[in-house]
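Values below: every heavy atom of this structure, side chains too, minus hydrogens, waters and symmetry copies. Every value quoted in this text rests on a predicted model; they were computed, and no experiment measured them. Protein chains get the first letters and strands the later ones, always in sequence-line order, with residue 1 at the start of each.
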Amino acid sequence: MKLDKYPVTVSEGSIVYEFISEGKKGKIAKMIVYSKTNIYNTFNLGFGDKCTNTGEINDTIASNNGDTEKVLTTVAFTLYDFTEKFPGAMVLVSGSTSARTRLYQMAIGKNLCLIEPDFEVFGYAENEWQLFERQYNYEAFLVKRKKY
Amino acid sequence: MKQAKSNKKKTPAIRVDKRLDKYAEMGLFQDKLDKANEFLRKAGLPKFSK
């Protein structure tokens, strides 16, 4: 089943992605940045709304544009693209709030059968990484593309 | 049950916008990056199977 997603643009360095969410509150620019962590080839996925007036990025705002699933599918699409361009890269994902982390967890859990053929997925709980399981509550997630 | 399709197909090409490169140097999502580094400091990396 093909999941609906937004068209995406990417920076020349393949670190920054942008797309436009369209919903009940109009058009909202969304930005994703894959930032290097302190560990080699490991990145943090940052995601937030871009204010069209100021250009500022806000990852705590809840835009409530009525298209959460499409937005998350689009974010997942950038993860596929990024990990193709950076083979072996590990990507850490967490929400700016616990509610947002929970949202990501539910999305991963719901689509796990689609994700697992392509990615190893771990959740962070009790100061360690665990193989992702739906019933646990995690603080963060770490994924790595499987070789193909 | 059909197995999910393999990883092998590439994602379709997406448009490059050079104007986005400046955001890579702006230190965005620093709080989340700090949190990520803290997770990694405490737990390191998981043991991947491949």
Pick one of side chain, backbone, both or neither for B/Lys35, based on which atoms fall under 4.5 Å of a heavy atom in chain A.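 Only the side chain of B/Lys35 comes within 4.5 Å of chain A.
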
Is chain A contacted by the side chain of B/Asp31, its backbone, both, or neither, given a heavy-atom distance below 4.5 Å?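 Neither; nothing under 4.5 Å.
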
Option that, when pairs with chain B are counted at under 4.5 Å, heavy atom only, ranks first among A/Asn38, A/Val33, A/Ile15: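 Ranked by heavy-atom pairs under 4.5 Å with chain B, first place is A/Asn38.
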
Counting heavy-atom pairs under 4.5 Å to chain B, which of A/Gln130, A/Glu128, A/Met31, A/Glu116 comes out on top?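 Highest number of pairs under 4.5 Å: A/Met31.
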
Check the pair B/Lys18 / A/Ser11 against side-chain contact (heavy atoms from CB on, under 4.5 Å), numbers first and verdict last. CA-CA 5 Å; B/Lys18 291 181 184 180; A/Ser11 66; over 6 Å; no

For [X], look at atom [atom1] and say whether over 12 heavy atoms of other residues, nucleotides or ligands are found less than 6.0 Å away.
{"X": "A/Glu69", "atom1": "CD", "answer": "no"}
{"X": "A/Lys85", "atom1": "NZ", "answer": "yes"}
{"X": "B/Arg19", "atom1": "CZ", "answer": "no"}

Can you confirm whether B/Tyr23 sits close enough to A/Lys50 that some side-chain heavy atom of one is under 4.5 Å from a side-chain heavy atom of the other?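 Contact flag for B/Tyr23/A/Lys50 side chains = yes.
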
So B/Leu40 and A/Leu142, do their side chains get closer than 4.5 Å, heavy atoms only?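 Touching, per the 4.5 Å side-chain cut-off.
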
Side-chain donor or acceptor of A/Glu12 paired with backbone N/O of B/Asp17 under 3.5 Å: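 Side chain of A/Glu12 to backbone of B/Asp17: no pair is present.
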
Roughly how far, to the nearest 0.5 Å, is CG of A/Leu92 from CG of B/Asn37?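 If I round to the nearest 0.5 Å, the distance is 9.0 Å.
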
Can you tell me how far apart CG (A/Asn127) and CZ (B/Arg41) are? Round to the nearest 0.5 Å.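 CZ of B/Arg41 is found 9.0 Å from CG of A/Asn127.
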
Would you please indicate if the ring centroids of B/Phe29 and A/Phe47 are separated by under 6.0 Å?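 No, too far apart.
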
Report which part of A/Leu45 has an atom under 4.5 Å of a heavy atom belonging to chain B: side chain, backbone, both, or neither.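 For A/Leu45, backbone heavy atoms alone lie under 4.5 Å from chain B.
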
Considering all heavy atoms, the nearest [X]-[Y] contact:
{"X": "A/Lys36", "Y": "B/Leu33", "answer": "O-CD1, 3.5 Å"}
{"X": "B/Leu45", "Y": "A/Trp129", "answer": "C-CD1, 3.9 Å"}
{"X": "B/Leu20", "Y": "A/Val10", "answer": "CD1-C, 3.8 Å"}
{"X": "B/Asp21", "Y": "A/Gly13", "answer": "OD1-N, 3.0 Å"}
{"X": "A/Asn44", "Y": "B/Ala36", "answer": "OD1-CB, 3.5 Å"}
{"X": "B/Lys32", "Y": "A/Gly46", "answer": "NZ-CA, 4.1 Å"}

Using a distance-only test with no angle check, is there a side-chain donor-acceptor pair under 3.5 angstrom linking B/Lys42 and A/Tyr124?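 Per modelled atom types, B/Lys42 and A/Tyr124 side chains form no pair under 3.5 Å.
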
Under a 4.5 Å side-chain heavy-atom rule over Ile, Leu, Val, Met, Phe, Trp and Tyr, are A/Ile20 and A/Leu72 clustered together?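 No; tracing contacts between hydrophobic side chains, which count when under 4.5 Å, never links both residues.
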
Check for me, please, whether A/Val16 and A/Ile28 land in the same ILVMFWY cluster - side-chain distances under 4.5 Å, paths through other members count.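 A/Val16 does not cluster with A/Ile28.
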
